[in-house]
Chemist: 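Can you read through this structure? Questions will come right after.
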Amino acid sequence: MGAGHAGLAASHFLTGRSVEHVVLERGEVANSWRRERWDSLRLLTPNWQSRLPGHRYEGPDPDGYMTMGEVTAFIERFATVARAPVRTGTNVTSVKPDGDGYLVTTSRGEIGCRAVVIASGACNRPSVPPLSEAVPASVVQLTPFDYRGPDRLPDGGVLVVGASATGVQLAAELRRSGRPVVLSVGEHVRLPRLYRGRDVLWWMDASGVWDERHDEVDDLTRARRLPSPQLVGTPERTTLDLNTLTAMGVELVGRWAAVRDGRALFSGGLRNVFSLADLKMQRLLETFDAWARAHGRDAEVGPPERFAPTHVPDKARWQLDLGSDEIRSIVWATGYRPDYAWLDVPVVDEKGRLRHDGGVVDGGLYALGLPVLRRRRSTFIHGIEDDAREVIDHLVQGLTVRR
């Protein structure tokens, strides 16, 4: 289910194992990239990392970052090359056990099958906290699914909530448009775009950090819930962190904790939040340095670098009057969640997350494309090949056993 990169990778390996199958897609191939992203967004990963089974980027700018149109075209080409049996415009409304398999009900009828691969992604719906309901009606509220560009928002100030990749990118874009911007900051992952002359994701790849398997991670639940790193893909390969935003004139406040009498109340402790993110970045960079020394790669890259600590505002505001017209719109960059309302199998926990062991959900039920599914790189385009191969191997073995 799903004709994004994960579902198409599964189809590639099913075809290779001569397993009859169909790929169901509610919209078009690469639908989420096509319909649920803002206009200026680019991939966080460099083009040379854009690879799928038997298909990779071959353009003139390996160190660049694909636009959404380029991502869509890349995935469409893979669907064509892989000859994936995709049924577009087919919305799945129910999946339930049926004998030794499953009955899949869709907008185009029912399908009986022996196994199901859920590849609908982890970002089906924006995750907006309940306190949004207490925001005055005069303030326009959007999620990244609604946002397309600054010109679509009312004139005036914007409060961006969330300081992961989406939040910092939107805060920067809105500030460049000339708007006053306040950014509400909680837990975040700080990274430089370049480290010692190489893309930081080159270091993640080369040093093996991304190869860590799900059964090797100390706290898998936390690893799967980590926010996306503060990165942006631009032709200039620039770093976008909180210091960059401060220099642009973005005002930083703490985590949004409550709404009282029309006022947004923010938590204190920005210094501690910043220090923790800085410390984690420092430890990761030291891991890269140690790897370079151990593998004799120091001569190939620049010298070790250290970055200035995140600047703590002298007087961070604790509250903001939402009825004062200072803030005319709010963008909730507070993460995403999957949607399993159609899944009539008891495999979803009380928080709406799919229970699985490396993508193996239940007898004949599998998942792909979720955070740290089998490796730390699982959600990235280049991380799907190994995951899909192993999950489909398990699926085919299960089919053989149940014959």
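Just the heavy atoms: all of them, side chains too, but no hydrogens, waters or symmetry mates, feed the values below. All values reported here derive from a predicted model rather than from experimental measurement.
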Chemist: CZ of Arg148: more than 12 outside heavy atoms within 6.0 angstrom?
Modeler: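 Yes, CZ of Arg148 has more than 12 neighbouring heavy atoms, counting only those of other groups under 6.0 Å.
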
Chemist: Given Asp386, which of Arg213, Arg374, Arg377 fulfils the salt bridge (charged side-chain N to carboxylate O under 4.0 Å, His left out) condition?
Modeler: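 The salt bridge (charged side-chain N to carboxylate O under 4.0 Å, His left out) with Asp386 is passed solely by Arg377 among Arg213, Arg374, Arg377.
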
Chemist: Not counting sequence neighbours, which residues clear salt bridge (charged side-chain N to carboxylate O under 4.0 Å, His left out) with Arg35? List them please.
Modeler: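 Here the qualifying residues are Glu28.
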
Chemist: Might you work through the side chain to side chain contact (heavy atoms under 4.5 Å, CB included) test for Trp256 and Ser184, ending with a clear yes or no?
Modeler: CA-CA 6 Å; Trp256 191 348; Ser184 174; 3.8 Å; yes

Chemist: Please check if atom CD in Glu216 has more than 12 non-hydrogen atoms from other residues, nucleotides or ligands closer than 6.0 Å.
Modeler: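 Count over threshold, so yes.
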
Chemist: With rounding to the nearest 0.5 angstrom, report the CG to OG distance, Asn31 to Ser120.
Modeler: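 So the CG of Asn31 and the OG of Ser120 are separated by 12.0 Å.
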
Chemist: Taking CZ in Arg34 as the centre, count heavy atoms belonging to other residues, nucleotides or ligands within less than 6.0 Å. Is the count above 12?
Modeler: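 Yes, because the 6.0 Å sphere around CZ of Arg34 holds more than 12 heavy atoms from other groups.
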
Chemist: Please list, one pair per line, the donor and acceptor atoms closer than 3.5 Å that link side chains of residues 191-205 to other protein atoms, with sequence neighbours excluded.
Modeler:
{"unit_1": "Arg193", "atom_1": "NE", "unit_2": "Tyr65", "atom_2": "OH", "d": "3.3"}
{"unit_1": "Arg193", "atom_1": "NE", "unit_2": "Asp199", "atom_2": "OD2", "d": "3.3"}
{"unit_1": "Arg193", "atom_1": "NH1", "unit_2": "Leu44", "atom_2": "O", "d": "3.0"}
{"unit_1": "Arg193", "atom_1": "NH1", "unit_2": "Val232", "atom_2": "O", "d": "3.1"}
{"unit_1": "Arg193", "atom_1": "NH2", "unit_2": "Leu44", "atom_2": "O", "d": "3.0"}
{"unit_1": "Arg193", "atom_1": "NH2", "unit_2": "Asp199", "atom_2": "OD1", "d": "2.9"}
{"unit_1": "Arg193", "atom_1": "NH2", "unit_2": "Asp199", "atom_2": "OD2", "d": "3.2"}
{"unit_1": "Tyr195", "atom_1": "OH", "unit_2": "Asp289", "atom_2": "OD1", "d": "2.8"}
{"unit_1": "Tyr195", "atom_1": "OH", "unit_2": "Asp289", "atom_2": "OD2", "d": "3.1"}
{"unit_1": "Tyr195", "atom_1": "OH", "unit_2": "Glu305", "atom_2": "N", "d": "3.4"}
{"unit_1": "Tyr195", "atom_1": "OH", "unit_2": "Arg306", "atom_2": "NH1", "d": "3.0"}
{"unit_1": "Arg196", "atom_1": "NE", "unit_2": "Gly302", "atom_2": "O", "d": "2.6"}
{"unit_1": "Arg196", "atom_1": "NH1", "unit_2": "Asp289", "atom_2": "OD1", "d": "2.8"}
{"unit_1": "Arg196", "atom_1": "NH2", "unit_2": "Asp298", "atom_2": "OD1", "d": "2.7"}
{"unit_1": "Arg196", "atom_1": "NH2", "unit_2": "Gly302", "atom_2": "O", "d": "3.1"}
{"unit_1": "Asp199", "atom_1": "OD1", "unit_2": "Leu201", "atom_2": "N", "d": "2.8"}
{"unit_1": "Asp199", "atom_1": "OD2", "unit_2": "Tyr65", "atom_2": "OH", "d": "2.6"}
{"unit_1": "Trp203", "atom_1": "NE1", "unit_2": "Tyr195", "atom_2": "O", "d": "2.7"}

Chemist: Quick check: His394 with Tyr366 (ring centres under 6.0 Å apart)?
Modeler: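 They qualify: ring centres under 6.0 Å apart.
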
Chemist: Will you find, in the side chains of Asp387 and Ser378, an N or O donor that is under 3.5 Å from an N or O acceptor?
Modeler: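 Judged by distance alone, the side chains do pair up.
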
Chemist: What do you reckon, is CG of Asp218 surrounded by more than 12 foreign heavy atoms closer than 6.0 Å?
Modeler: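 No, the 6.0 Å shell around CG holds no more than 12 heavy atoms from other groups.
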
Chemist: Quick check: His382 with Trp48 (ring centres under 6.0 Å apart)?
Modeler: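 No, ring centres 6.0 Å or more apart.
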
Chemist: When you measure from the centre of the six-membered ring of Trp291, is the NZ or CZ of Arg293 under 6.0 Å away and within 45° of the axis?
Modeler: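 No, a cation-pi geometry is absent between Arg293 and Trp291.
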
